[in-house]
Amino acid sequence: MTDTTPASGALMLDAEALFQTLSQQIERIRTPELKLAGITSGGAWMVERLQQQWGLDAVGTISTAMHRDDFAKRGMAVTAQTQLPFEVEGAHILLLDDVLYTGRTIRAALNEIFDYGRPASVRLAVLVDRGGRQLPVDADIAAARLLLPSTQSLALLRGTDGSFSFRLKPSKA
């Protein structure tokens, strides 16, 4: 795990290096029974990369759109639909997301997963845990942990070549 703190107001995060770190951490806990599911969009991108990297058959995509508690503020986002090409009932699921902040997206993702069945366990892996939790949610695996002010937003971007980078910008009011 990498602890990263901004120096002189600058934030330098290498998304590709963090993805490799996260991949190695997941590889250590991976079993044939472990099912991977990524939250759209960043988590789903990471799951797609892991599927290619490890030659996995079935990985899932979780859309949180129908379970968001801030729908009135955010509106309906254009996202992929949930696709879980494995049996959720009794499964051990590793949920992937790009940035963990308040915990609300994870709550929505868990609600979506339980719409499909009752898993034996759900663990969480994230590229960046940025603190600022509003719900009692914690990542089992985080490639980096840092504190960002609530006035900033961190987003994972995917280039046309599939490479990852981060964008830091002022958050929406």
Side-chain angles (χ1 to χ4, degrees), residues 1-2 15 18-146 150 153-156 158 162 164:
M1 175 173 40
T2 305
L18 289 178
F19 177 75
Q20 292 309 316
T21 298
L22 188 69
S23 174
Q24 292 165 0
Q25 292 171 332
I26 294 170
E27 181 68 30
R28 287 195 289 271
I29 66 160
R30 191 166 69 108
T31 65
E33 295 78 30
L34 187 65
K35 306 299 183 191
L36 301 182
I39 298 173
T40 56
S41 58
W45 297 339
M46 293 187 304
V47 164
E48 289 172 12
R49 288 260 306 260
L50 292 175
Q51 181 180 29
Q52 293 170 352
Q53 185 174 316
W54 294 335
L56 301 175
D57 290 331
V59 297
T61 300
I62 303 288
S63 170
T64 59
M66 299 307 292
H67 291 284
R68 295 294 307 200
D69 63 1
D70 57 355
F71 177 78
K73 181 178 175 184
R74 293 170 54 116
M76 181 59 86
V78 178
T79 63
Q81 296 296 312
T82 295
Q83 295 179 1
L84 296 172
F86 51 80
E87 181 65 38
V88 170
E89 192 71 32
H92 295 278
I93 299 173
L94 181 63
L95 185 61
L96 279 82
D97 201 11
D98 50 1
V99 179
L100 175 58
Y101 180 32
T102 64
R104 295 183 180 285
T105 298
I106 304 307
R107 183 207 50 83
L110 291 170
N111 286 345
E112 181 73 4
I113 289 170
F114 274 81
D115 283 351
Y116 287 80
R118 184 177 180 182
S121 67
V122 180
R123 297 173 75 182
L124 177 62
V126 299
L127 273 183
V128 176
D129 178 346
R130 62 163 287 176
R133 218 75 75 237
Q134 295 174 354
L135 298 174
V137 173
D138 197 21
D140 297 287
I141 300 170
R145 296 182 192 273
L146 60 95
S150 61
S153 174
L154 181 66
L156 184 68
R158 181 172 65 169
F164 296 140

Looking only at non-hydrogen atoms, find the nearest pair between [X] and [Y] and report the distance.
{"X": "F86", "Y": "A37", "result": "CZ-CB, 4.5 Å"}
{"X": "A120", "Y": "G90", "result": "CB-O, 3.3 Å"}
{"X": "A58", "Y": "Q51", "result": "N-NE2, 4.4 Å"}
{"X": "T82", "Y": "S63", "result": "OG1-N, 2.9 Å"}
{"X": "E87", "Y": "A91", "result": "O-CB, 3.3 Å"}
{"X": "L22", "Y": "A125", "result": "CD1-CB, 4.1 Å"}

### Message
side-chain contact (heavy atoms from CB on, under 4.5 Å), that's the test. Do L50 and S23 meet it? Break it down for me.
### Response
CA-CA 7 Å; L50 292 175; S23 174; 3.6 Å; yes
Measure the [atom1]-[atom2] distance between [X] and [Y] for me, rounded to the nearest 0.5 Å.
{"X": "I93", "Y": "Y116", "atom1": "CD1", "atom2": "OH", "result": "11.5 Å"}
{"X": "R123", "Y": "D138", "atom1": "CZ", "atom2": "CG", "result": "12.0 Å"}
{"X": "S153", "Y": "Y101", "atom1": "OG", "atom2": "OH", "result": "9.0 Å"}
{"X": "L154", "Y": "L100", "atom1": "CG", "atom2": "CG", "result": "11.5 Å"}
{"X": "L110", "Y": "L95", "atom1": "CG", "atom2": "CG", "result": "6.5 Å"}
{"X": "L18", "Y": "M46", "atom1": "CG", "atom2": "CE", "result": "10.5 Å"}

Would you say that [X] contacts [Y] through its side chain, given a criterion of any heavy-atom pair below 4.5 Å between the two side chains?
{"X": "F19", "Y": "Q53", "answer": "yes"}
{"X": "I141", "Y": "I29", "answer": "yes"}
{"X": "I62", "Y": "I113", "answer": "yes"}
{"X": "I26", "Y": "L96", "answer": "yes"}
{"X": "V99", "Y": "V126", "answer": "no"}
{"X": "H67", "Y": "D115", "answer": "yes"}

Salt bridge (Lys or Arg N to Asp or Glu O under 4.0 Å) filter on E27, not counting sequence neighbours, yields R30
### Task
Could you tell me whether the side chain of E89 and the main chain of G117 form a donor-acceptor pair under 3.5 Å?
no
Any donor-acceptor pair under 3.5 Å linking the side chain of D140 with the backbone of L124?
yes
Sequence neighbours excluded, the answer for side chain to side chain contact (heavy atoms under 4.5 Å, CB included) partners of E33 is T31
Given I39 and I106, is the side-chain contact (heavy atoms from CB on, under 4.5 Å) satisfied, shown in steps?
CA-CA 9 Å; I39 298 173; I106 304 307; 3.7 Å; yes
Using 4.0 Å as the upper bound for N to carboxylate O, is an ion pair formed by E112 and R107? no
Show the numbers, then the answer: is there a side-chain contact (heavy atoms from CB on, under 4.5 Å) between N111 and T64? CA-CA 8 Å; N111 286 345; T64 59; over 6 Å; no
Applied to residues 125-137, the side chain to side chain donor-acceptor pair (under 3.5 Å) test, sequence neighbours excluded, yields R104-Q134, D129-R133, D129-R145
Item to complete: Determine, step by step, whether W45 and R49 satisfy the side-chain contact (heavy atoms from CB on, under 4.5 Å) criterion, reporting the C-alpha distance in whole Å, the side-chain angles of both residues, the deciding distance to 0.1 Å, and the verdict.
Response: CA-CA 6 Å; W45 297 339; R49 288 260 306 260; 5.9 Å; no
